[in-house]
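Ligands are counted one by one from 1 in listed order, and the atoms in each one are counted from 1 as well.
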Amino acid sequence: MTPAQSLLRSATGLNLSKAVVDRAIKNRMEQTGIGDAETYLQQMQPEELTALVELVVVPESWFYRDPQAFYAMSEFLRARLAADSGRLARILSIPCAGGEEPYSMAMVLTDAGIPPDNFMIDAFDISPTCVARAKSGIYGRNAFRAQDLSFRERHFSSAGDGDYRINDSIRKQVRFKQGNLLEFDLSARSGYYDVVFCRNLLIYFDKPTTKAAIAKLEALLADDGQLFAGYAEVPSFCQHGFAPLQYNQAFGLQKEAAAPHKPPRAARPPAKQVAPRAVKPAPTPAPVSRSRATPSRVAPAARPATDATAGANPAPAVDLLAEARRLADLGDIKAAERHCRDHLAQHPEAAEAYFILGLLNELTNKPKMAEDYWKRCIYLQPDHYEALCHLALLAEANQDASGAAALKARAARIYKRQQAS
Ligand SMILES: C[S@@+](CC[C@H](N)C(=O)[O-])C[C@H]1O[C@@H](n2cnc3c(N)ncnc32)[C@H](O)[C@@H]1O
């Protein structure tokens, strides 16, 4: 690691490539008129470090990103407030990027009829530019990527030039502040929050930093609170004291001590990754799949049976995999495996079947077999995001830090590409 990489790593926790760091340094050297990288680094002042950090963060966000998380959070708080209507629900969004996530929370809670006096959202991001943008509350086209944009009519007004300004009634529900999760002062906030959103940050951290970040989040969250992560981050939380909640596509977790049943192994991925459970009711229609983040999930369903296989087996090919997931959830691993193999007999190149076989082997403590299946899966479908995430976790478990980092980076690139497409 170069001195510049380690400087930025200790300032942000981000696992940054040399190319990204070199580009940022070059940019700042041009801005500051310093011609030599060594001198630039030696003369580093806090304000200059902040400016450098701005160039390496990924402030990508949009309203209602992974919408099920917001609906799950709203249901959870509604039930809480129904039991104690005088209570103030405290919510944390870190990192909040340009405010899209915390404002989405405020909109969903408002639309669910929760009075403004009953909830308050704290939102932090390491980037002062992001925080300033969030406070301004003005957004362009990129922030509105959700399928259902009806919220824009209810909670925004035009700001000219195709931009929209969030209404004050929503804005006053969120307190924005610049802050680094890894340096969060816990003294006044231990167990403070009923809900914590920490999404799409840990994917950029290495293993020790992820562990440190999760320890901070664990301390901030009330013992009976709920935490929402990004999809690829759920397994890391499961490795560090959290248990997945049975929401579909919300990526919710609770402290393991609060969970009714402890999972058999700390590193076990959530069971819902084998078989998605029933979707909790949502005010707007839920997407059929986790959509662009995980196209692999829907791919088999979308693929029609070939002429050759249609006659040979009257059951649609996709049912075998759906049935495999259902059986796995019931604990019938052998039958689930049989269904995957039957599917493969008809579709030898079905990446999803290999992915499920990997999960089944991991569930039965055969990590090497699991690894082989997931490798086969990404060989057949190089952008299989979930398989890459599982392989990254396995690499971490095997102390292969650089392999894990490479897999995570590849998964993160795919994630970004799929979200953007
Ligand atoms: C991809 S955005 C995620 C925003 C939002 N949570 C979402 O999922 O849409 C990542 C954000 O993390 C912020 N960030 C990076 N390192 C951080 C740290 N150590 N503490 C707080 N925020 C950080 C970046 O500035 C960036 O805005």
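Atoms of ligand 1 lying under 4.0 Å from any heavy atom of Glu101, numbered from 1 in the order shown and given with element: 5 (C), 6 (N), 7 (C), 8 (O). Atoms of ligand 1 found under 4.0 Å from any heavy atom of Val57, numbered from 1 in the order shown, are 24 (C), 25 (O). In summary, the atoms of ligand 1 found under 4.0 Å from a heavy atom of Pro59, numbered by their order in the structure, are 26 (C), 27 (O). Taking every non-hydrogen atom of Gly179 and a distance limit under 4.0 Å, the qualifying atoms of ligand 1 come out as 20 (N), 21 (C). Close approach to Ser127 involves these atoms of ligand 1, each under 4.0 Å from a residue heavy atom: 25 (O).
Here the protein heavy atom with the shortest distance to atom 8 (O) of ligand 1 is Asn200 ND2, 2.7 Å. The closest protein non-hydrogen atom to atom 18 (C) of ligand 1 is Asn180 OD1, 3.6 Å. Of all protein heavy atoms, the one closest to atom 16 (N) of ligand 1 is Leu201 CD1, 3.4 Å. For atom 22 (N) of ligand 1, the nearest non-hydrogen atom of the protein is Ile126 N, 3.3 Å. Scanning the protein for heavy atoms near atom 7 (C) of ligand 1, the closest one is Arg65 NH1, 3.3 Å.
Considering only non-hydrogen atoms, atom 10 (C) of ligand 1 lies nearest to Val58 out of Leu181, Asp125, Val58.
Applying the side-chain contact (heavy atoms from CB on, under 4.5 Å) test to Ala4 and every residue at least two apart in sequence or in another chain returns Thr2, Val21, Ile25, Leu41.
Under the 3.5 Å distance criterion, with hydrogens and angles disregarded, no donor-acceptor pair is assigned to the side chains of Glu101 and Ser61.
Judged by the 6.0 Å and 45° rule, Arg165 forms no cation-pi pair with Tyr139.
Looking at Arg199 against ligand 1, both its backbone and its side chain come within 4.0 Å, counting heavy atoms.
Of the polar atoms of Pro95, at least one N or O is found under 3.5 Å from an N or O of ligand 1, judged by distance alone. Ligand 1 has a nitrogen or oxygen under 3.5 angstrom from a nitrogen or oxygen of Ser61. For a threshold of 3.5 Å applied to N or O pairs, the pair formed by Tyr204 and ligand 1 contains no separation below that value.
Screening Tyr354, Phe355, Tyr385 against His390 for a ring pair (Phe, Tyr, Trp, His ring centres under 6.0 Å) leaves a single residue, Phe355.
For the atom pair Trp374 CH2 and His384 NE2, the distance stands at 11.0 Å (nearest 0.5 Å). Taking CG of Asn361 as the start and CE of Met369 as the end, the distance is 4.5 Å to the nearest 0.5 Å.
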>> Assess the residue pair Lys172 and Asp168 against the criterion (salt bridge (Lys or Arg N to Asp or Glu O under 4.0 Å)); give the C-alpha distance rounded to whole Å, side-chain angles, the decisive distance to 0.1 Å, and a yes or no.
In response: CA-CA 6 Å; Lys172 71 180 177 50; Asp168 283 346; over 6 Å; no
>> Test salt bridge (Lys or Arg N to Asp or Glu O under 4.0 Å) on Arg90 and Asp194; report intermediate values, then the result.
In response: CA-CA 5 Å; Arg90 297 157 174 162; Asp194 298 283; 5.7 Å; no
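The aromatic rings of Tyr64 and Phe70 are tilted relative to each other, their planes meeting at an angle between 30° and 60°.
Within the 4.5 Å cutoff, the side chain of Phe205 has no heavy atoms near those of the Lys211 side chain.
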